[in-house]
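Quick notes on the structure that follows.
The chains referred to below are lettered A, B, ... by the order of the sequence lines, with proteins before strands, and numbering in each begins at 1. Since the model is a prediction, treat every value here as computed from it, not as a measurement.
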Amino acid sequence: MSEMEKKPRHFIEQVIDEDLESGKYDGRVHTRFPPEPNGYLHIGHAKSICLNFGLAVQYNSYCNLRFDDTNPVREEEEYVKSIIEDVRWLGFDWEDRLYYASDYFQQLYDFACQLVESGDAYVDDQSAEEIRKTRGSLTEPGKESPYRNRSVEENLDLFKRMQSGEFPDGSRVLRAKIDMEANNMNMRDPVMYRILRATHHRTGDDWCIYPTYDWAHGLEDSIERITHSLCTLEFEDHRPLYDWYLEALDVYRPQQIEFAPLNLSYTLLSKRMLRELVEGGYVNGWDDPRMPTISGLRRRGFTPASIRDFASRVGIAKREGVADVGLLEYCLRQDLNIHAERRMAVLDPLKVVIKNYPEGESEELEAINNPENESAGKRKVPFSRELYIEREDFREDPPKKYFRLAPGREVRLRYAYFLKCEEVVKDSSGEIIELHCIYDPETKGGSAPDGRKVRGTIHWVSAQHAVSPEIRLYDRLFRSSKPGSGGGDFKADINTNSLETLKDCKLEPSLIDARAGEHFQFERVGYFFVDPLDSREGSPIFNRTVTLRDKWTKIEKSGK
RNA sequence: UGGGGAGUCGUCUAAUGGUAGGACAGCGGAUUCUGGUUCCGUAAGUGAGGGUUCAACUCCUUCCUCCCCAGCCA
């Protein structure tokens with residue numbers, strides 16, 4: 001550590017630093033990540049997870065995992081499981097602090113009675129429709145409910161009977177008595193409880209009234225002695241209400257702080273739209289490798305470290321914007337470059353016959369597993385008279401600056417020999433089906449004793465030794481950098497070529513033993529991940545995680 | 001037209017009255033048995049006007065643009 005290069009502190013860290021200094025929370029820092037178990041977590045949630053749990057690590061403090069399960073009609077155990085798995089996979093630990101809002105239902109009910117007793121809440125007999133109509137609008141104040149001024153005794157009686165199941169669903173609600181003329185719509189006597197006969201995934205049929213988010217959330221935070229309650233910008237308007245409830249009850253008060261949610265180019269991060277993709281069959285489930293869900297990214301081959309790095313690099317601020325998906329890919333390649341072992345794989349094979357290599361013979365050549373990590377060691381790769389090379393690594397009429405194989409030209413076969421193309425063999429339709437080449441036995445290992453150089457190095461696989469497992473080429477799910485922004489249906493922006501399945505690739509033989517969950521770099525091609533669901537022992541399936549950066553395509557496109 | 005927020009290189013993000021900096025993307029180059037990695041260099045920004053000040057991204061003021069809010073969703 002030569003330089004004390006401090007990473008600039010974002011505004012939430014600055015607030016925490018100040019609170020620590022002033023002793024506001026007795027030097028404590030305690031955050032929480034409060035997902036609703038009604039869907040799968042996505043990369044946007046990952047930002048929040050990394051923020052909340054990251055702060056706990058940074059300040060040597062605590063972060064709770066809390067399920068905000070106040071609405072039984074949307075929530076399921078399946079989602080709880082996936083969320084727990086995802087947060088853990090991202091590398092975070094809540095120790096014994098796994099909580100559920102539903103654990104607090106009784107306390108919440110008792111607190112509500114307290115508000116009724118202090119005259120701060122009342123039972124409203126109006127229908128949902130009537131309440132909506134009397135709420136007013138953005139520019140007009142609301143009207144007070146005719147039931148607003150019932151006695152405390154009547155309210156208490158009614159509320160208890162709501163709880164005991166005397167009234168039908170939707171017939172009554174408990175409302176906070178605040179101000180129907182407030183400019184902030186959230187303060188116009190917000191609903192605290194609704195009557196809802198639905199089986200809750202944890203409390204079963206114990207309750208027929210359920211608390212609303214605004215009523216419950218601050219108390220959940222308060223009960224858990226959270227210091228800094230972090231949420232996204234759309235809750236800014238809710239903060240006065242968050243504070244109002246806690247003040248009215250005179251209980252411990254955490255501080256809500258809002259930050260901008262993550263938006264990603266070429267990506268959709270709305271639960272509703274993601275659900276539409278799944279249910280409409282546009283993808284194969286929530287964990288489809290094209291999905292921005294944590295489970296999708298995991299199956300695609302993303303690593304927890306790359307996602308944490310990304311979260312740290314996009315930063316935390318109040319300004320809303322769209323992060324570049326290229327940054328996510330950069331973080332991924334950074335991590336994979338260091339950790340993924342290299343292999344050779346030919347995706348679009350073109351046969352090469354080495355005329356001067358003895359028929360029926362083969363040899364083993366040594367290849368480096370990872371140039372970024374010597375301890376990854378070396379492996380043997382078989383070489384023989386007939387090989388496959390990538391079709392795009394040969395041009396009959398090479399453009400300027402193309403330095404791969406061409407008629408009469410010499411290139412290096414990676415870790416093998418120099419190879420020169422002598423003859424191009426075509427079928428009757430003119431398509432190239434084979435290349436006849438000669439190799440230089442003196443260049444074994446890849447360098448020439450006479451000092452001559454070649455411009456290009458290409459990868460290859462011995463034909464008789466090659467294996468051909470299935471390879472799935474994934475691409476962006478959307479063609480537009482901002483799907484659906486044209487005002488039309490976002491589904492119109494779907495990239496119909498986001499999955500291409502390849503069955504005739506030629507891979508080096510060691511790859512047949514690849515195990516589910518392993519990462520590889522196919523040299524000069526990209527990073528691949530052995531699909532953890534569809535792979536079988538002896539028949540792996542490779543998902544393309546991300547391509548390698550590709551300067552050549554850029555050069556060729558620019559025409560220079 | 002009510003209320004709440006936000007405007008800094010293409011993108012994300014610092015600078016909190018004192019040299020507008022970093023990252024990704026871009027461009028140029030070096031190294032390289034991966035057109036990968038790495039390294040070096042380079043261009044590019046304070047929404048607009050007015051004011052205060054020796055000095056303004058920062059303070060004041062007028063305006064403009066964008067986002068959020070009328071669930072018994074979270």
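- Across all strands shown, B:G41 is found opposite B:C27 as a Watson-Crick or G-U wobble partner, with both distances under 3.5 Å.
- Taking every side-chain heavy atom of A:L548 into account, B:U34 is the closest of B:U16, B:G71, B:U34.
- If you check distances only, the side chain of A:E372 does reach the base of B:G36 with a donor-acceptor pair under 3.5 Å.
- When the C1' atom is used for both B:U62 and B:U52, the distance is 15 Å, rounded to whole Å.
- Evaluation of atom-type donor-acceptor distances gives no pair under 3.5 Å for the side chain of A:Q334 against the base of B:U37.
- Separating the C1' atom of B:A15 from that of B:C57 is a span of 8 Å, rounded to the nearest Å.
- Look at the C1' atom in both B:G22 and B:U42: the space between them is 16 Å, to the nearest Å.
- Side-chain nitrogen and oxygen atoms of A:T457 include none within less than 4.0 Å of the OP1 or OP2 phosphate oxygen of B:U32.
- In a base pair of the Watson-Crick type (N1 to N3 plus N6-O4 or O6-N4) or a G-U wobble (N1-O2 and O6-N3), with each distance short of 3.5 Å, B:U19 is matched with no nucleotide.
- Residue A:R194 places at least one side-chain N or O closer than 4.0 Å to OP1 or OP2 of B:C73.
- Contact annotation for A:I368: no contact, since no heavy-atom pair falls under 4.0 Å across all strands.
- Side-chain proximity of A:D550 to the nucleotides B:C12, B:G36, B:G35 is greatest for B:G35.
- Glycosidic conformation of B:G4: anti, with the torsion beyond 90° of 0.
- Comparing the P positions of B:C66 and B:U58 gives a spacing of 22 Å, expressed to the nearest Å.
- Between A:R150 and A:D125, at least one side-chain N (NZ, or NE/NH1/NH2) sits under 4.0 Å from a carboxylate O, which counts as a salt bridge.
- Checked against B:G4, B:G35, B:C72, the side chain of A:T212 finds its nearest nucleotide in B:C72.
- Here the shortest heavy-atom pairing between A:Y402 and A:E392 reads OH-O, 2.8 Å.
- Within the cation-pi definition used here (under 6.0 Å to the ring centroid, within 45° of the axis), A:R343 does not qualify as a partner of A:F522.
- Side chain of A:A317, nearest nucleotide from B:A14, B:C12, B:A6: B:A14.
- Screening A:E341, A:E508, A:E364 against A:R379 for a salt bridge (charged side-chain N to carboxylate O under 4.0 Å, His left out) leaves a single residue, A:E508.
- The aromatic rings of A:Y417 and A:Y439 sit perpendicular, their planes meeting at an angle over 60°, well past the 30° parallel limit.
- If you check B:U52 for Watson-Crick or wobble pairing at under 3.5 angstrom, you find it has no partner at all.
- The side chain of A:Y213 lies closest to B:A74 when the candidates are B:A74, B:C72, B:G2.
- When each of B:A74, B:A70, B:C24 is scored by its nearest atom to the side-chain atoms of A:L327, the top-ranked nucleotide is B:C24.
- The residue A:V322 sits close only to the backbone: its heavy atoms come under 4.0 Å of sugar-phosphate atoms, none of a base.
- Interface remark: the A:D237 side chain does form a donor-acceptor pair with the B:G3 base, using a distance-only criterion of under 3.5 Å.
- For the P atoms, the distance linking B:G18 with B:C59 amounts to 11 Å, nearest Å.
- Among the atoms of the strands shown, none is found under 4.0 Å from any heavy atom of A:Y193.
- Separating the P atom of B:A48 from that of B:C64 is a span of 15 Å, rounded to the nearest Å.
- Scanning atom types as modelled, no donor and acceptor separated by under 3.5 angstrom connect the side chain of A:R333 and the base of B:U37.
- Residues A:E320 and A:L413 each lie close to RNA chain B; by heavy-atom proximity, the contact nearer the 5' end of the strand is made by A:L413.
- Side-chain atoms of A:K143 and A:E181, non-hydrogen and from C-beta on, never get closer than 4.5 Å to each other.
- Taking 4.0 angstrom as the limit, A:K554 places a side-chain polar atom (N or O) nearer than this to OP1 or OP2 of B:G26.
- When heavy atoms are screened at a 4.0 angstrom cut-off, A:Q126 is found touching base atoms of the nucleic acid.
- Nucleotides B:G50 and B:G45 place their C1' atoms 22 Å apart, quoted to the nearest Å.
- If you check every strand for non-hydrogen atoms under 4.0 Å, A:G321 touches sugar and phosphate atoms only.
- In this structure, of B:C72, B:U11, B:G26, it is B:G26 that holds the atom nearest to the side chain of A:R549.
- Comparing B:C72, B:G35, B:U34 by their closest approach to the side chain of A:I555 singles out B:G35.
- Closest contact between the side chain of A:R313 and the listed nucleotides B:A70, B:A23, B:C72 involves B:A23.
- Comparing the C1' positions of B:G10 and B:A44 gives an interatomic distance of 9 Å, to the nearest angstrom.
- Nucleotide B:G7 forms a Watson-Crick or G-U wobble pair with B:C64, both donor-acceptor distances falling under 3.5 Å.
- The side chain of A:L138 sits closest to B:A70 out of B:A74, B:A70, B:G35.
- Ring-centre distance between A:W460 and A:Y388: not below the 6.0 Å cut-off.
- Side-chain N/O atoms of A:R404 and base N/O atoms of B:G35 include a donor-acceptor pair closer than 3.5 Å.
- Cation-pi geometry between A:R202 and A:Y100 is met: under 6.0 angstrom from the ring centre, within 45 degrees of the axis.
- At B:G2, none of the side-chain N or O atoms of A:R135 fall inside 4.0 Å of OP1 or OP2 (strictly under the cut-off).
- Comparing A:R412 and A:G326 by the nucleotide of RNA chain B whose heavy atom lies nearest to each, the residue mapping closer to the 5' end is A:G326.
- Judged by Watson-Crick or G-U wobble contacts below 3.5 Å, the nucleotide B:C72 has no partner.
- OP1 or OP2 of B:G36 has at least one side-chain nitrogen or oxygen of A:K551 nearer than 4.0 Å.
- For the pair A:W286 and A:I294, the minimum side-chain heavy-atom distance is 4.5 Å or more.
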